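Let me begin by presenting the structure, written as structure tokens, before commenting on it.
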Amino acid sequence: MLELNDRFLIKICGLSTAATMEAALDAGADMVGLVFHRKSPRSVSHATAAALALQALGRAQSVALVVDCDLDVAAALAATVKPDWFQLHGSESPTVVGQMQKITGARQMKVLGVGSKDDLAAFADHAAVADRMMLDAKAPKDAAYPGGHGVPFDWAILAALGVGRPFMLAGGLTPDNVAGAIHAMQALGVRLCGVDVSSGVESAPGVKDIGKIKAFVQAARAAATGA
């Protein structure tokens with residue numbers, strides 16, 4: 001696996017074509033996400049995902065995004081796509097996170113949807129098991145899929161985390177607001193280790209915009225490094 005050590009991580013999620021994957025890699029994305037949730041406009045087949053993961057090999061870490069995935073399906077994904085990470089974007093318990101680690105042999109990133117401080121109550125239990133945590137905007141109650149809705153949450157909520165385990169931030173990030181989000185986390189004193197974007201670099205749901213991908217990576221990298 002390509003190791004990134006302490007580098008601030010920039011993840012482009014929901015990639016579905018060779019051209020947009022190449023754009024993300026050329027821009028300097030550290031992680032690239034492939035969505036396996038049929039209701040999402042960004043969903044890809046196992047065959048397409050395998051080709052895209054191979055394209056990213058040695059250049060960025062590949063991430064398979066799943067939602068309450070059956071363990072047998074996860075094992076099949078691990079065998080065919082060979083992602084570096086699984087991003088668990090459903091209601092998976094810490095026990096399931098551990099099972100996914102054993103079955104897939106990949107690292108596990110657990111996502112928590114945040115709408116209020118109460119949603120952070122599960123952070124510690126999941127962080128004790130998951131290899132990484134991601135905090136995303138909580139999806140609307142009637143949403144067909146849990147992420148990629150383009151609406152940020154109140155970042156001030158995250159002050160309740162203190163200086164605990166590091167996490168990645170998602171939810172409504174765009175090339176225009178990602179620097180502000182990073183600076184907000186720095187002001188709160190929390191341990192932000194990366195950012196994730198999907199709909200914020202699209203021209204339409206599921207259609208990635210190459211110019212926006214480049215602009216997002218540039219803005220995030222500059223804000224994270226103080227350039």
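Fair warning: this is a prediction, and the values are worked out from it, not measured in the lab.
Counting all heavy atoms, side chain and backbone alike, Ser45 lies closest to Phe36 at O-CE2, 4.1 Å. For the pair Met31 and Ala60, the tightest heavy-atom approach, listed with the atom from each and the gap, is N-CB, 4.3 Å. Between Trp155 and Ala184 the shortest heavy-atom distance is CE3-CB, 4.1 Å. Residues Leu158 and Val190 approach most closely at O-CG1, 3.3 Å, considering heavy atoms. Annotation for Ala78 and Pro83: closest pair CA-CD, 4.1 Å, computed over non-hydrogen atoms. For the pair Gly206 and Ser16, the tightest heavy-atom approach, listed with the atom from each and the gap, is O-OG, 4.1 Å.
To the nearest 0.5 angstrom, Ile213 atom CD1 is 9.5 Å from Met21 atom CE. Note: Phe153 CZ to Ser116 OG = 11.0 Å, rounded to the nearest 0.5 Å. Considering NZ of Lys82 and OG1 of Thr104, their distance stands at 13.0 Å, rounded to 0.5 Å. Between the CD atom of Gln87 and the CE atom of Met168 there is a distance of 8.0 Å, given to the nearest 0.5 Å. Between Met133 atom CE and Cys193 atom SG the span is 11.0 Å, to the nearest 0.5 Å. We find the CG-NZ distance between Leu15 and Lys208 to be 6.0 Å, quoted to the nearest 0.5 Å.
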- Item | Stepwise side chain to side chain contact (heavy atoms under 4.5 Å, CB included) check, Phe216 with Val195 | CA-CA 10 Å; Phe216 183 90; Val195 290; 4.0 Å; yes

- Does the side chain to side chain contact (heavy atoms under 4.5 Å, CB included) test come out yes or no for Leu120 and Leu135, once each step is laid out? CA-CA 9 Å; Leu120 299 178; Leu135 301 178; 4.2 Å; yes

- Query: Is there a salt bridge (charged side-chain N to carboxylate O under 4.0 Å, His left out) between Arg7 and Asp30 once you walk through the steps?
  - Reply: CA-CA 9 Å; Arg7 180 179 173 87; Asp30 304 293; 2.5 Å; yes

- Query: Taking it one step at a time, do Asp209 and Val201 satisfy side chain to side chain contact (heavy atoms under 4.5 Å, CB included)?
  - Reply: CA-CA 6 Å; Asp209 182 295; Val201 291; 5.7 Å; no

- Item | Full working for salt bridge (charged side-chain N to carboxylate O under 4.0 Å, His left out) between Asp125 and Lys110 | CA-CA 11 Å; Asp125 287 345; Lys110 179 66 182 100; over 6 Å; no

- Begin with the C-alpha distance, continue with both residues' side-chain angles, and end with the deciding distance and a verdict on salt bridge (charged side-chain N to carboxylate O under 4.0 Å, His left out) for Arg59 and Asp26. CA-CA 9 Å; Arg59 301 172 68 187; Asp26 283 347; 3.1 Å; yes

- Check the pair Lys138 / Asp119 against salt bridge (charged side-chain N to carboxylate O under 4.0 Å, His left out), numbers first and verdict last. CA-CA 9 Å; Lys138 199 169 189 175; Asp119 294 316; 3.0 Å; yes

- Message: Would His46 and Leu77 count as a side chain to side chain contact (heavy atoms under 4.5 Å, CB included) here? Give the steps.
- Response: CA-CA 7 Å; His46 289 205; Leu77 270 175; 3.5 Å; yes

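Considering only heavy atoms from C-beta on, Val114 comes within 4.5 Å of Ile157 through its side chain. Here the side chains of Val197 and Cys13 are not in contact, with every heavy-atom distance at 4.5 Å or above. Between Leu52 and Leu34 the shortest side-chain heavy-atom distance falls below 4.5 Å. Using a 4.5 Å cut-off on side-chain heavy atoms (C-beta onward), Val67 and Leu65 make contact. Counting heavy atoms from C-beta on, the side chains of Val111 and Leu88 never come closer than 4.5 Å. Side-chain atoms of Asp68 and Glu92, non-hydrogen and from C-beta on, do get closer than 4.5 Å to each other. Side-chain atoms of Val97 and Asp131, non-hydrogen and from C-beta on, never get closer than 4.5 Å to each other. Inter-residue side-chain proximity for Val32 and Val63 is flagged as unmet; no heavy-atom pair is nearer than 4.5 Å.
Within the 3.5 Å criterion, the main-chain N or O of Gly180 finds no donor-acceptor partner in the side chain of Asn177. Counting only distance, with no hydrogens or angles, the side chain of Arg221 and the backbone of Gly28 share a donor-acceptor pair below 3.5 Å. Counting only distance, with no hydrogens or angles, the side chain of Gln101 and the backbone of Arg107 share no donor-acceptor pair below 3.5 Å. Asp84 contributes no side-chain N or O that, together with a main-chain N or O of Ala64, makes up a donor-acceptor pair within less than 3.5 Å. With Asp136 contributing its side chain and Gly171 its backbone, the two residues share a donor-acceptor pair below 3.5 Å.
No donor-acceptor contact under 3.5 angstrom links the side chains of Gln108 and Trp85, judged on distance only. In this model, no donor atom of one side chain and acceptor atom of the other lie less than 3.5 Å apart for Ser40 and Ser43. With no hydrogens or angles considered, a side-chain donor-acceptor pair links Ser198 and Arg42 at under 3.5 Å.
Cluster membership for Phe86 and Leu54, using ILVMFWY side-chain heavy atoms within less than 4.5 angstrom, is not shared. Hydrophobic clustering, with ILVMFWY side chains joined whenever heavy atoms are under 4.5 angstrom apart, keeps Leu57 apart from Leu25. Hydrophobic clustering keeps Ile210 apart from Ile10 (ILVMFWY residues linked when any side-chain heavy atoms are closer than 4.5 Å, directly or through intermediates). By the criterion of side-chain heavy atoms lying less than 4.5 angstrom apart, applied directly or through intervening Ile, Leu, Val, Met, Phe, Trp or Tyr residues, Leu161 is grouped together with Val129 in one hydrophobic cluster. Hydrophobic clustering (side-chain heavy atoms under 4.5 Å, transitive across Ile, Leu, Val, Met, Phe, Trp, Tyr) keeps Val73 apart from Met100.
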